[in-house]
Amino acid sequence: MPPWIPLSCCPAGYSVRIASITGPLAEVHRLRELGLRPGCRLQVVRCGNPCILRLDGHTLCLRSHPAVEVLVEPEEPLPPPKISPLRTAFGSLGRFRWRHRGR
Amino acid sequence: MGPEKSTSPLIILLLGNPNTGKSTLFTALVGVHQRVGNYPGVTVEKKTGSFLYQGQRFEVVDLPGLYSLSPRSRDEALAVEVLLGRSPGTPAPDGLILIVDATNLERNLYLVSQVLEFGLPTVVALNMFDLAQRRGIRIDIAELERRLGVPVVATQAHRRRGIQQLQAALARSIAQGTRPAVSPLPEQFWQEVDHLAQAWPHRQLPRPLLARLLLDPSGYLEKLFLPDLSTSEAAQLAQTKARLAQAGIGLPEIEPTARYQWIEKTLHGLVHRPLQEAPRPTERIDRLLTHPVWGLVVFAGLMFLVFQAVFTWAEPPMRWIDAAVQWLSTLVERSLHPGPFRSLLVEGVLAGVGSVLSFLPPILVLFLFIGLLEDSGYMARAAYLMDRWMVRVGLSGKSFIPLLSSFACGVPGIMATRVIDEERARLITILIAPLMTCSARLPVYAMLIGAFVPERTYLGGLVHLQGLVLAAMYLLGILTAVAVAWLLKRVWFTGPIPSFVMELPSYKWPSLRTVVYRVLQRGWVFVRYAGTVILAVSILVWAALYYPRSHEVEQAFVHQAHQLGRQLQSWLAQWPAGWTAEAECDKTVLTELANRLVAVQPPLEFLLDQTQFQLQQSIQKWLPSPPESSPIVQSATPSPHLAWQSSLQDLLQQVETLRTELTGAYQRQSLFGRLGRVLEPVVRPLGWDWRIGMAVLASFPAREVVVATLGVIFQAGPVDPENPEQITQLHQRLQAATWEGSQEKLFNLPVALGMMVFYTLCAQCAATLVTIRQETHSWRWPIFVFAYMTALAYLGALLTYQLASRTIPL
């Protein structure tokens, strides 16, 4: 079974199954009410945060609360993540740390 | 249809998810006669309309689209209130129409399952049935009806298909009365609900409400329905939740789990989707429009086109409106005696109405484009593209449409913030929307740029300095808005940003009828809201510029008036013989006026007005082209006569100058004139004198008023901003204006730049402030907006003036 990965890391064009959603109660509740429930199948149209997902034949734009983690199980093996040469050159000093601060 | 029965109308609620064609269905049901109002205490639009079916009137109330009955804000809690008939002003519903999207039954049935628990007579409208069929989705309606236990009607709201059947099913369903409530929630949960109902008999809370109270994750319902909850009752509530949790029924998780299980069971074997969904033709377009780079390029191009269209299309109607108002003012001026009433009509009412109406064309054009982009499905993509940038300053992707509307006018922009479901992003959007350069600022920029920014071009005539300054003002507004939003997010609205979910509707050709209808509706709301406020404040400002009024001011003009009378008399003395009867009649009137001028018969105001009017009439009627019989034409040497004729023009000009000087003198002693002089030390550092200060004060109802006020103060005569001749005259007057009692020029480039910066940043718009009050339900926010924007405007103008006057050589 392929490992679970965060939805925000899933590249565009892949189909995944939601494995679990964790985070603040009200936020998770809202997502589940909208149909983002464990076990449901969705397709990532545009990755990142916000991302575009196709779910039950409909297209949704989702920007999740910073504490919400949507873990998904890819239905097919994902390609190895592309690492830009710039990021390798600067290690974790560059954009990576910026991205994960604040917001 | 038989005659209407005397029974009272049945109240029907229309509920459904967003993007299911709910508004279209509503219009298809009730026609165009809809009433738009507000629910008390919330910023939710209340749309109602009615239809007649077999002699019975049905009153349909359209609730805003929602995904679930669990509220995330006070506005969303409204749906539960209305369903239970507990919203003041909306009677308890007799029946429900639930609209669901046939292409996405899974999610749509979630709300259906919640609403079915209320046990009200319900009909499900299976909308967009045609689209589902085209996508190869087959739905067994009869079986769905059996499993849901309520009538299901396939509809195509945009083609008005299935409406009759829907009405029939509704009437039948109501005739059958209440039906047993079905619920997928476990039996134990309902037992606990019944326990609570027994424990709190005095509260008279219906079962579905108690269930919703238990399932509510946000606490909004508790605040709304149990504001006086005692500690023992709160403990009881907590105990109930704990007991349920022990039994493996976690609240509120049980709700989505149980409901989606029920949905799966209900739809099992009912809905047949094609195994491989055919790729939609719009997918390629979507890939381009949501691309992080190309999407933004297309977006920028579209926005450029929209603005271009707003400027070019809105200009001619704005000119017509101005001309019409001008014509009406002249008519009133000619037919009424001068005095407070006429002045009120012309300078208060007509000026106010004029400014409201002249804002209308750009607003309508912008709304047309927004409507087209919304209806085609593009706006949601634009919101997605903008979201990643806007979230950094505490906004949401949905803030984009209100901010775009604010470029036409802040009032509809602030009203449009209702689409933002996240409270904080909505508030920040409201607070920064007035910084967008609205159409009321343009006349101010046009006046100041035209008069003081030199006409220089760069890059071979491609870039104009004047255009550059205008663009800089737009940019200044946007950048300030970004900075303010960022600061608000950092200082005031801290904390994590809640999730944001937005549906991206499928692309379609916009329906012109829907768009035009929406444009007109929004335009009307603007006229009603902004119109009343601008009109009221215009009248107040008029009063502050008119009163206190004492005729003593006229003493200073007695000598000038006397001289003018003498000039007119001597002109009349050269009157040639044998003119037409009409001209002779004018002569009598003019002689009378000249005599009164020589005697300086008070009130001078009145006398000057009459003289001005009579001279204008005479010049227009017979001076430029004397009738054939006139001796002037036959005369061999017409030149002395021509000189005599044209001297009347000079006389008219002198009368007009005296008249505006008198108006200026009256304004000087008015309330605002005095206030302006008191405030002079404050505005002095900006390079302004008390007259500019007064003009700025007087422009409180609407910024563009400053153009007309400056015109009066600097005696350029009443200024029609659309008349190029008068505008050049105003430019010359402004350029020539000096400080009182000195030869130093009052206006120069630094002062003009400072004023423009002031008008970019200031909150000189009563309608916007009142709208903020309406949308936030508190005076706190409009006061905050006014305070911060005025402070910014003052500092900006100060900085600009002080820097510019030191760097720009005069």
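Worth knowing before you read on, the calculation uses all heavy atoms, side chains too, and leaves out hydrogens, waters and symmetry mates.
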B:Lys398 and B:Asp387 ion-paired at < 4.0 Å: no
Euclidean distance, B:Ile139 CD1 relative to B:Leu270 CG, rounded to 0.5 Å: 8.5 Å
Proximal component of A:Leu62, with respect to chain B [non-hydrogen, under 4.5 Å]: both
Winner by heavy-atom pair count (cut-off under 4.5 Å) against chain A, out of B:Arg287, B:Arg72, B:Glu255: B:Arg72
B:Tyr110, part contacting chain A, at a heavy-atom distance under 4.5 Å: side chain
From OG1 (A:Thr59) to OH (B:Tyr507), nearest 0.5 Å: 9.0 Å
Chain B contact via A:Leu36 - side chain, backbone, both or neither, heavy atoms under 4.5 Å: neither
Under 4.5 Å from any heavy atom of chain B - which part of A:Arg32: both
Proximity breakdown for B:Asp101 and chain A, heavy-atom pairs closer than 4.5 Å: side chain
From OH (B:Tyr260) to CG (B:Leu109), nearest 0.5 Å: 9.0 Å
Test item: A:Leu60 and B:Arg107 side chains (from C-beta on) under 4.5 Å apart, heavy atoms: yes
A:Arg37 CZ to B:Arg259 CZ distance, which is reported to the nearest 0.5 Å: 14.0 Å
B:Ser70 portion near chain A, given a 4.5 angstrom heavy-atom threshold: both
